[in-house]
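Below is one structure, written out as structure tokens, with a few remarks after it.
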Amino acid sequence: MVKGVARMSLDYSGADGGRLAMAFGAGCVACFGFCCLVGKLLWDRLTGANRDVVTAKDDTIAELKKTIEKNEARCAETIVALSTRVQQLETLLLLHGSGPLRNDLQKSISEQRLEADHDH
């Protein structure tokens, strides 16, 4: 006894150890349940108050997806138009260019077509 306080001696590997482990486990389960309950209440309150914000965000995302689709369609049209223009210019250079220019241009066109066929 130290200054009027009885000293406890626990045998952690015996019956007292088992009781101590059960008490610790029960405390952990109770704490986990309480934290889950508080977390759910806080989450419900936070998301309930922000439902308008979430809806507005979803609307904005939908609008942005539509804008992206329009931009992709416009870019695809532009690519087709530019490819057609490049072919027109190549044809003009082949018809009206000098001999060495025509040879170099034909080599370049052939290489591009081979690479394009190889990629597909």
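We count residues from 1, following the sequence as given.
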Legend entry - Main-chain N/O of D104 paired to S108 side chain as donor or acceptor, under 3.5 Å: no
Inset, instruction - First locate atom CZ of R74, then atom OG1 of T67, and finally report the distance between them rounded to the nearest 0.5 Å. - result: 10.5 Å
Inset, instruction - To the nearest 0.5 angstrom, please state how far the CD atom of E111 sits from the CD atom of E115. - result: 7.0 Å
Legend entry - Point-to-point distance, once rounded to the nearest 0.5 Å, from CG of L41 to CZ of R45: 8.5 Å
Inset, instruction - Answer whether the closest heavy-atom distance between the side chains of Q88 and T84 falls below 4.5 Å. - result: yes
Inset, instruction - Give a yes or no on whether F34 and L42 share a hydrophobic cluster (residues Ile, Leu, Val, Met, Phe, Trp, Tyr; joining criterion: side-chain heavy atoms under 4.5 Å apart). - result: yes
Legend entry - L101 reachable from L89 in the ILVMFWY side-chain graph, under 4.5 Å edges: no
Show every donor-acceptor pair shorter than 3.5 Å between a side-chain atom in residues 90-98 and any protein atom, with sequence neighbours excluded, or say none if there are none.
from	atom 1	to	atom 2	distance (Å)
T91	OG1	Q87	O	2.8

Inset, instruction - Measure the shortest side-chain to side-chain distance between F32 and C36 over non-hydrogen atoms and say whether it is less than 4.5 angstrom. - result: yes
Inset, instruction - Find the distance between CG (D59) and CG (L64) and round it off to the nearest 0.5 Å. - result: 11.0 Å
